[in-house]
Participant: 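Dropping the structure in here first, questions after.
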Protein chains: 2
Amino acid sequence: MAKRKAVSIKDVARESNASLTTVSLVLNNRDGRISRATRERVLSAVERLGYRPSRLAQSLQSQRSGFLGILVPQLRHAFADIYFGELISAIQETAAENDYKIILDVANPRYLERNHHLELFRRHYIDGLLCLGVTNNDTYLDDFSDDHPVIVVNNRVAGIDLDFVQCDYAEAGRIAATHLCELGHKKIGYIHGATEVQTTADLRDGFEDVLNRLKLSLPTSRTEDGLYTEEGGAAAAIALLTRDPGITAIFSGNDKMAIGAISGLKQIGKRVPDDVSVIGCDDIHHAEFCDPPLTTIHTPIFEVGARACKLLLDLISSKAESVRETQAVSLSVRKSTAAPRKGRNGATQ
Amino acid sequence: MAKRKAVSIKDVARESNASLTTVSLVLNNRDGRISRATRERVLSAVERLGYRPSRLAQSLQSQRSGFLGILVPQLRHAFADIYFGELISAIQETAAENDYKIILDVANPRYLERNHHLELFRRHYIDGLLCLGVTNNDTYLDDFSDDHPVIVVNNRVAGIDLDFVQCDYAEAGRIAATHLCELGHKKIGYIHGATEVQTTADLRDGFEDVLNRLKLSLPTSRTEDGLYTEEGGAAAAIALLTRDPGITAIFSGNDKMAIGAISGLKQIGKRVPDDVSVIGCDDIHHAEFCDPPLTTIHTPIFEVGARACKLLLDLISSKAESVRETQAVSLSVRKSTAAPRKGRNGATQ
DNA sequence: TAGAATAGATAAAACCTTTTACCGAATCGA
DNA sequence: TCGATTCGGTAAAAGGTTTTATCTATTCTA
């Protein structure tokens, strides 16, 4: 691993009998002031030496790093999560198309305590930041001053005035409720994720909204925390059905928990959708391949990621002042929901 | 977004009536040459001004970027894949512990054609590179010269002499074959992933090795490509059983395809494991929550990622010269494998 | 008290670009 | 032929660090 010294613009200048400036001008195509002969001489020297400008020096000079940061929360192996993966894919693709590179950071307590999130800007690591998996407890978002381009992706933070791009989770809740009610369900259980996530609150609001309008309530006895995980979803479903065997349908705050719920229901001898319907939210790739294939609300996660990245770039280049966008969602009907069986239909209990 | 000028070391020097050098010396704790009084004066100015050294300037000076690159292949939404996610989690965690940050790049054809992978080093983006999801077709790996720290993660490349950290896939194949044979299976199908991946070849070699030793062959008729996806796994399982209904067990090159295979088998009325046993490889988190829970080979992916990152850092700091490591794998028995039913046991066909 | 040693601080070079301001030579108009 | 353009090119500053070599007091030794 012997580091041979990197070739710099000086070497090119010497090799081509031109000045530093001339080389730089040629390379950056600054107005056509350089003669054809000189240009070719420089270019051939560049080729010969294999010269490539140092991005460190360029960034230092231009005061732009060319990096975008992605900040994800600390979860069990954060990046192994399909939801974050999808967002990150979208962001990196969009960034690459615009000649930006992506830096990945995990906002664990130690990280925040040491103000590493602020260092990101202060020490010129990045030109803009995308925050994923944010909750209402993430007060560190308040630290970012107005002149730091920051966008919250697929979420909002109650009480903090930040730019965001999100899906319409209130509408998602309404669609799920409407679907189940139209099938004839009356006693519907709800498995929720972390309540400190704003979109989770939106989802529930939309869901309850429709239920209330139809005079169907959502008592806390039909509500369980599924911890956003498969295990949690399974446990929640079992708890719900044990407490209230009259439940004929379950709405789960995400697909992971929905898949867990189906597995939990099977464990206690319930068939899906014959005995209990299950509807999820997200439409992860895997949803199509469970047994039964999962009916769910499709949320355009990839598009949200791509859009957030694009708008962040606009923020950086001052093409935009403020970003607040909400994307439409839709129902994706598969095999995990059906009409309740006659005779068990709510009235039994 | 009015950018107020960032405070530099010069400002601190002025504010504290000291020279640039003194400030730098204080900040970097260079030998105790600075008097207590001066040190405090400087530190208080730093505090007052909120000064943080520019990492661009530091990197330019030190010729170390403080970044590690992760290069992943272009797949459908690469980062949404659990396998890559797990590796990336491990790498980012290890990097952060060592004060390195992670840059994410996707090696699509355009990227490689423009030699962006070489620019990574030449233009001082990164100090070292980790290549994920590499195949034997990835000749671009040959471009990296000896003085560029590069490690291939959980793979090798036939014919190219590169550093790597991997799981013992040959052993994984042997374990799977042994498990199925011990249960009494004779006609075993095999769903493979991309044949251009070296570890896939290792896996098959180990698998066939045991089969051959027991005088059980693996004819091509019992072999199908599952494309590494759930859909592919489902289609492959259906194809296998259609072609040879006597098959009583299937070994799948990864868990995703195994889960797809189970779903495919159900579609054609086969029960798992009653009619057909299925064993996977990887032990992804989800494997525990399928129906039935998947028997699989546990590969320590997270550890491989962490180890690869650690060794890359050793390479960078010249603590290591060359890296070649193979991690042990183990059998994780769940509910998707069982002894074949009497009377259908191979002899039928 | 002269000379040496030491403590404390600094000027300047180096890292590598881009950009501004300037200079000399050739060309042009009158 | 003189003055003004234009053309081709360059020196130098700026961007923010770290480090080396150097300088000036002060204290110590003989």
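Fair warning: this is a prediction, and the values are worked out from it, not measured in the lab.
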Participant: Any salt bridge linking B/D161 with B/R324? Criterion: basic side-chain nitrogen under 4.0 Å from a carboxylate oxygen.
Facilitator: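 A salt bridge is present here (some side-chain N lies under 4.0 Å from a carboxylate O).
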Participant: Would the base of C/dA11 count as contacting B/T21 through its side chain, where contact means a donor and an acceptor less than 3.5 Å apart?
Facilitator: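 Such a pair is found, so the answer is yes.
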Participant: Could you tell me how far apart B/R123 (CZ) and C/dC15 (C1') are, to the nearest whole angstrom?
Facilitator: 16 Å
Participant: Only counting residues at least two apart or in another chain, list the ones meeting side-chain hydrogen bond (donor to acceptor under 3.5 Å, both in side chains) with B/Y100.
Facilitator: B/R64
Participant: Less than 6.0 Å separating the ring centroids of B/Y140 and B/Y111?
Facilitator: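 No, too far apart.
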Participant: So, is A/S8 near the phosphate of C/dC15, with a side-chain N or O under 4.0 Å from OP1 or OP2?
Facilitator: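 Checking A/S8 against C/dC15: no side-chain N or O falls below 4.0 Å of OP1 or OP2.
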Participant: Could you state the atom-to-atom distance from CG of B/D11 to C1' of D/dG15 in whole Å?
Facilitator: 13 Å
Participant: Within residues 50-65 of chain A, find the residues that approach DNA chain D with a heavy atom at under 4.0 Å, and present them sorted by residue number.
Facilitator: A/A57, A/L60, A/Q61, A/Q63
Participant: Rounded to the Å, how far apart are A/K10 NZ and D/dT10 P?
Facilitator: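 Interatomic distance, NZ of A/K10 to P of D/dT10: 16 Å.
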Participant: Per the side-chain contact (heavy atoms from CB on, under 4.5 Å) rule, which among A/Q58, A/R55, A/Q61 passes with B/L56?
Facilitator: A/R55
Participant: Taking atom CZ of B/R48 as the centre, report whether more than 12 heavy atoms of other residues, nucleotides or ligands fall under 6.0 Å from it.
Facilitator: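 Buried by this count: over 12 neighbours within 6.0 Å.
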Participant: Give a yes-or-no answer on whether the side chains of A/D105 and A/Y125 include a donor-acceptor pair shorter than 3.5 Å.
Facilitator: no
Participant: Can you tell me if the side-chain N/O atoms of A/T22 get under 4.0 Å from OP1 or OP2 in D/dT10?
Facilitator: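 A/T22 to D/dT10 OP1/OP2: side-chain N or O found under 4.0 Å.
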Participant: B/N29 CG to D/dT17 C1': how many Å, rounded?
Facilitator: 16 Å
Participant: Atom CG of A/L20 and atom P of D/dA14: how far apart are they, to the nearest Å?
Facilitator: 17 Å
Participant: To the nearest Å, give me how far apart CG (A/L25) and P (C/dT20) are.
Facilitator: 11 Å
Participant: Could you give the NE2-to-P distance, from B/H124 to C/dC15, as a whole number of Å?
Facilitator: 12 Å
Participant: Given atom CG of B/L27 and atom P of D/dT19, what is their separation to the nearest angstrom?
Facilitator: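 Taking CG of B/L27 and P of D/dT19, I get 12 Å after rounding.
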Participant: Please work out whether the ring planes of A/H148 and A/F121 are parallel, tilted or perpendicular, with thresholds of 30° and 60°.
Facilitator: parallel
Participant: Ignoring backbone atoms, test whether B/S19 places a side-chain nitrogen or oxygen under 4.0 Å from the OP1 or OP2 oxygen of C/dA11.
Facilitator: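 No, no such contact exists.
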